Amino acid sequence: MMLALRRACIFRAVVFMAFLPPPPRAQDPAMVHYIYQRFQVLEQGLQKCTQATRAYIQDFQEFSKNISVMLGRCHTYTSEYKSAVHNLALRVERAQRELDYLEYLREADACAESEDKALAEKLVQEAEEEQRVRTLLNASCDNMLMGIKSLKIVKKTMDTDGSWMKDAVSDSPKVYVFIGSRNNTVWEFANIRAFMEDSTKPAPRKLILTHSWQGTGQVIYKGFLFFHSQGTPNEIIKYNLQKRTVEDRMLLFGGAGRALAYQHSPSTYIDLAVDEHGLWAIHSGPGIRSHLVLTKIEPDTLGVEHSWDTPCRSQDAEASFLLCGVLYVVYSSGGHGPHRITCVYDPLGTITEENLPNLFFPRRPRSHSMIHYNPRDKQLYAWNDGNQIIYKLQTRRKQPLQ
């Protein structure tokens with residue numbers, strides 16, 4: 001910077017000399033004196049320029065010093081500001097963590113409260129459901145099966161599959177026979193003697209239904225025939241035998257009709273049953289290794305009163321029946337003997353397999369086409385390889401509900 005200022009002063013002196021008039025003669029004393037004065041003026045100008053330059057340098061140095069001091073202070077302030085901002089960020093982060101923790105505690109309390117409320121509601125619903133089931137099954141029936149006492153072959157026909165029965169509740173002695181697994185003809189016999197002896201009068205009455213049945217799960221209850229309608233997966237028909245008309249019909253849901261109810265009964269998809277509590281339906285639930293579904297049906301309106309998923313498998317099963325609200329499922333290996341009850345389901349939970357002895361049926365060469373319990377006779381009606389059979393039962397009282 002000093003070099004630049006000196007150059008500027010010299011440049012100003014040269015310019016000043018360039019405008020001086022040329023001397024007329026070098027020996028003229030006046031001219032010499034004039035030039036001398038001019039040089040003195042130039043020297044004074046140079047001195048002033050030098051002084052001004054020095055003053056400027058001094059001011060600049062002072063300014064630089066002040067700037068350096070201020071920059072140092074700014075650096076200090078910047079460091080303090082960065083430190084304060086860092087501390088503030090740490091505090092904000094800590095506060096955010098505390099807020100998140102408080103929010104977690106609040107949500108945990110809310111979830112716990114919600115879970116407690118849901119659990120309480122579930123317990124109330126279960127209690128109400130249990131009370132409803134107890135009310136539904138509150139009949140004067142407290143028997144449980146203890147054994148199959150005897151077997152009586154009533155008649156033998158040429159038909160492998162079929163079903164036969166009496167009305168489950170009425171005092172009528174009439175016997176109804178359903179031959180085959182798909183048909184629309186019902187044979188009505190005046191009594192069991194007329195059924196046993198073909199020559200006995202009167203002759204059986206032939207009833208032609210307006211709809212065909214499917215399977216061997218038909219029942220007669222209070223003068224009405226209930227059966228699975230052929231060609232439909234899950235339609236149950238209530239048929240008036242006296243008027244020969246369809247009284248009502250319903251669709252049974254829950255996977256009914258998609259698979260066989262019993263592996264060894266190849267035509268029965270929905271098995272109907274009657275016991276002391278009324279009308280039931282048994283069918284296979286969804287899935288490859290499906291379990292039986294038990295449904296309570298209101299016979300007057302054909303409304304579903306309740307449904308249960310049972311632990312009893314369809315695999316290796318051949319038939320089932322209900323006695324005092326308890327489902328007994330009969331199994332056999334490969335469709336042959338021995339025929340035994342190895343799964344029992346009680347909606348009230350008062351009976352399990354552990355409470356029962358080994359329940360075997362008398363050995364038969366083939367699986368049963370149907371086994372139905374008659375609550376009026378307290379015995380089983382069965383069809384096995386063309387034989388119409390009655391099984392006498394041995395029962396005892398259940399343990400009372402707590």
Side-chain angles (χ1 to χ4, degrees), residues 145-168 174-181 183 186-187 189 191-193 195-196 213 215-221 225-228 260-268 270-275 280-282 292 312 314 316-324 326-344 358-395:
L145 182 63
M146 296 303 295
I148 313 296
K149 290 199 303 183
S150 63
L151 168 151
K152 179 182 179 181
I153 298 179
V154 177
K155 189 174 182 178
K156 180 174 178 59
T157 63
M158 301 300 296
D159 303 288
T160 303
D161 296 323
S163 62
W164 73 294
M165 66 204 67
K166 291 182 179 181
D167 193 310
K174 293 179 180 180
V175 174
Y176 297 88
V177 179
F178 302 77
I179 297 175
S181 59
N183 207 332
V186 181
W187 293 95
F189 294 84
N191 49 49
I192 195 166
R193 183 178 181 83
F195 173 58
M196 295 172 61
W213 74 77
T216 58
Q218 307 85 9
V219 295
I220 295 179
Y221 184 67
L225 168 63
F226 297 84
F227 62 91
H228 178 198
L260 292 171
Y262 315 113
Q263 180 183 359
H264 299 309
S265 183
S267 60
T268 302
I270 299 175
D271 190 13
L272 300 172
V274 175
D275 72 346
W280 303 79
I282 305 105
L292 294 178
C312 303
S314 296
D316 290 330
E318 62 180 62
S320 70
F321 60 92
L322 281 110
L323 188 155
C324 288
V326 179
L327 177 68
Y328 298 86
V329 185
V330 183
Y331 292 88
S332 61
S333 178
H336 305 286
H339 312 280
R340 57 183 180 176
I341 296 171
T342 57
C343 186
V344 177
N358 292 327
L359 298 173
F360 287 89
F361 283 80
R363 180 175 291 274
R364 302 299 302 164
R366 295 187 57 184
S367 62
H368 291 84
S369 175
M370 57 81 67
I371 300 176
H372 281 173
Y373 173 69
N374 188 299
R376 184 167 59 90
D377 296 344
K378 308 296 182 184
Q379 56 191 9
L380 298 178
Y381 289 73
W383 190 298
N384 183 282
D385 195 24
N387 295 287
Q388 291 76 54
I389 302 171
I390 290 178
Y391 291 108
K392 301 290 185 178
L393 304 179
Q394 180 182 0
T395 61

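As the structure is a prediction and not an experimental result, all values here were calculated from the model. Side chains are part of it too, since the values below use all heavy atoms of this structure and drop only hydrogens, waters and symmetry mates.
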Considering residues at least two apart in sequence or located in another chain, which fulfil the ring-ring contact (aromatic ring centres under 6.0 Å, His included) criterion with F226? none
Please enumerate all residues that pass ring-ring contact (aromatic ring centres under 6.0 Å, His included) together with F195, with sequence neighbours excluded.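 Partners of F195 under the ring-ring contact (aromatic ring centres under 6.0 Å, His included) test: W164, F189.
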Are any non-hydrogen side-chain atoms of [X] and [Y] less than 4.5 angstrom apart?
| X | Y | value |
| --- | --- | --- |
| P375 | V274 | yes |
| I371 | F361 | yes |
| L145 | Y328 | yes |
| R340 | N358 | no |
| V329 | V344 | no |
| N183 | F178 | no |

Treating [X] as the side-chain partner and [Y] as the backbone partner, does any N or O pair qualify as donor plus acceptor under 3.5 Å?
| X | Y | result |
| --- | --- | --- |
| H228 | L272 | no |
| T160 | G386 | no |
| Q394 | G147 | no |
| S367 | H264 | yes |
| N191 | V175 | no |

side-chain contact (heavy atoms from CB on, under 4.5 Å), that's the test. Do L327 and F321 meet it? Break it down for me. CA-CA 6 Å; L327 177 68; F321 60 92; over 6 Å; no
So, Y262 versus H368, ring centres under 6.0 angstrom or not? no
Are H339 and Y331, when compared by the centres of their aromatic rings, separated by less than 6.0 Å? no
To the nearest 0.5 Å, what is the distance between [atom1] on [X] and [atom2] on [Y]?
| X | Y | atom1 | atom2 | result |
| --- | --- | --- | --- | --- |
| L260 | D271 | CG | CG | 11.5 Å |
| I389 | Q379 | CD1 | CD | 13.0 Å |
| I282 | S314 | CD1 | OG | 11.0 Å |
| W383 | D161 | CH2 | CG | 8.5 Å |
| L380 | I148 | CG | CD1 | 5.5 Å |
| M370 | S267 | CE | OG | 12.0 Å |

How about K392: does its NZ atom have over 12 heavy atoms from other parts shown lying under 6.0 Å from it?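 For K392, atom NZ is not crowded (no more than 12 foreign heavy atoms under 6.0 Å).
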Please list, chain by chain and in numerical order, all residues satisfying side chain to side chain contact (heavy atoms under 4.5 Å, CB included) with N374, sequence neighbours excluded.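 Result, side chain to side chain contact (heavy atoms under 4.5 Å, CB included) vs N374: K166, R376, D377, Y381.
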By side chain to side chain contact (heavy atoms under 4.5 Å, CB included), D275 pairs with (sequence neighbours left out) H277, W280, L322, Y373
Pair T395, M146 - check side-chain contact (heavy atoms from CB on, under 4.5 Å), show working. CA-CA 5 Å; T395 61; M146 296 303 295; 5.5 Å; no
Are a donor atom and an acceptor atom from the side chains of [X] and [Y] found within less than 3.5 Å of each other?
| X | Y | result |
| --- | --- | --- |
| Q218 | S163 | yes |
| E318 | S332 | yes |
| T216 | T268 | yes |

Report the C-alpha separation of K152 and Y391 in whole Å, then their side-chain angles, then the decisive distance to 0.1 Å, and conclude whether the side-chain contact (heavy atoms from CB on, under 4.5 Å) test is met. CA-CA 6 Å; K152 179 182 179 181; Y391 291 108; over 6 Å; no
Which residues satisfy the salt bridge (Lys or Arg N to Asp or Glu O under 4.0 Å) test with K156, sequence neighbours excluded? none
Carefully, step by step, assess V154 and N387 under the rule side-chain contact (heavy atoms from CB on, under 4.5 Å). CA-CA 7 Å; V154 177; N387 295 287; over 6 Å; no
For G180 and W213, which heavy atoms make the closest approach, and how far apart are they? O-NE1, 3.8 Å
Could you tell me which residues satisfy side chain to side chain donor-acceptor pair (under 3.5 Å) with T157, sequence neighbours excluded, listed by chain and number?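 Counting only residues at least two positions away or on another chain, T157 forms a side chain to side chain donor-acceptor pair (under 3.5 Å) with Q388.
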